[in-house]
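Worksheet for the structure shown next.
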Amino acid sequence: QVQLVESGGGVVQAGGSLRLSCDASGGTFSMRSMGWFRQAPGKEREFVATIRRSDGGTYYADSAKGRFTISRDNAKNMVYLQMDTLKAEDTAVYYCAVRVVGGSYYVSRSADDFQYWGQGTQVTVSS
């Protein structure tokens, strides 16, 4: 079992920045990749970014490319999401997720492929 706790959400003006953190504990040795997803009111949960635990390979949704940066600290079992140039449409609850099934180099952008989830942290961008 992997437990995930997100932090760093809040209210920010458009054009501003936030850094989300996700603290993983429990069976962290089994983690293959970590990801960030978000869900806005009335919308489905969507992929934002993912990073492989093995080599740090990163992948982003088109909406995040050039503005968001995902990173990890394996020694601390932490994953981060640096969000710059925030827009009103980035407003959502952001979830940290971990994949423990599958190969270390497999890349997935599907929420169904992630087995553990945090409780979410609210990000509100005011225009």
Side-chain angles (χ1 to χ4, degrees):
Q1 293 283 345
V2 178
Q3 292 80 45
L4 303 171
V5 178
E6 302 101 332
S7 61
V11 180
V12 63
Q13 289 189 334
S17 299
L18 280 176
R19 187 191 194 211
L20 305 183
S21 299
C22 178
D23 187 356
S25 61
T28 55
F29 62 90
S30 63
M31 296 194 299
R32 298 293 181 262
S33 62
M34 294 79 80
W36 288 95
F37 291 77
R38 68 186 183 185
Q39 188 166 18
K43 295 187 177 181
E44 293 187 355
R45 190 170 298 189
E46 66 174 3
F47 168 77
V48 176
T50 186
I51 185 167
R52 285 193 296 245
R53 182 176 174 86
S54 56
D55 64 354
T58 58
Y59 300 87
Y60 296 90
D62 288 344
S63 60
K65 287 179 182 176
R67 299 189 300 126
F68 294 2
T69 303
I70 188 171
S71 61
R72 91 268 192 256
D73 184 331
N74 287 348
K76 296 181 179 179
N77 292 315
M78 296 287 294
V79 62
Y80 307 97
L81 186 68
Q82 177 67 39
M83 304 187 294
D84 299 317
T85 320
L86 283 161
K87 305 175 182 179
E89 50 264 42
D90 294 318
T91 295
V93 177
Y94 283 71
Y95 297 91
C96 174
V98 162
R99 180 179 65 84
V100 299
V101 175
S104 296
Y105 292 92
Y106 172 68
V107 176
S108 176
R109 298 169 178 82
S110 171
D112 291 340
D113 286 336
F114 289 77
Q115 288 76 43
Y116 296 100
W117 294 82
Q119 81 288 351
T121 186
Q122 177 71 46
V123 172
T124 301
V125 184
S126 61
S127 57

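Position 1 is the first residue of the sequence, and the numbers go up from there.
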Nearest heavy atoms of [X] and [Y], plus distance in Å:
X	Y	answer
Tyr80	Ser21	CD2-OG, 3.4 Å
Lys76	Asp23	O-OD1, 4.3 Å
Ala92	Ala40	CB-N, 3.8 Å
Gly120	Val93	CA-CG1, 3.8 Å
Ser104	Arg52	O-CD, 3.3 Å
Phe37	Phe47	CD2-CA, 3.4 Å

Interatomic distance, [X] atom [atom1] to [Y] atom [atom2] [nearest 0.5 angstrom]:
X	Y	atom1	atom2	value
Leu20	Ser7	CG	OG	8.0 Å
Lys65	Thr58	NZ	OG1	10.0 Å
Gln82	Arg67	CD	CZ	12.0 Å
Asn77	Met34	CG	CE	8.0 Å

Can any side-chain N or O of Arg32 pair as donor or acceptor with the backbone N or O of Ser30 at less than 3.5 Å? yes

Side-chain donor or acceptor of Thr91 paired with backbone N/O of Ala88 under 3.5 Å: yes

Would [X] and [Y] show up in the same hydrophobic cluster when neighbours are defined by side-chain heavy atoms closer than 4.5 Å?
X	Y	result
Val5	Val79	no
Trp36	Val100	yes
Tyr95	Phe68	no
Leu81	Phe114	no

Decide whether a cation-pi geometry holds between Arg99 and Tyr106; the criteria are a distance under 6.0 Å from NZ or CZ to the six-membered ring centre and an angle within 45° of the ring axis. no

Assess whether a salt bridge exists between Lys87 and Asp90, defined as any Lys/Arg side-chain N lying under 4.0 Å from an Asp/Glu carboxylate O. no

Is it the case that more than 12 heavy atoms not belonging to Gln119 sit under 6.0 Å from its CD atom? yes

Evaluate side-chain contact (heavy atoms from CB on, under 4.5 Å) for Leu86 paired with Gln13, printing each intermediate quantity in order. CA-CA 8 Å; Leu86 283 161; Gln13 289 189 334; over 6 Å; no

So which of Val123, Val12, Ile70 actually passes side chain to side chain contact (heavy atoms under 4.5 Å, CB included) with Met83? Val123

Considering the options Glu46, Glu44, Glu6, Glu89, which one meets the salt bridge (Lys or Arg N to Asp or Glu O under 4.0 Å) requirement together with Arg38? Glu46

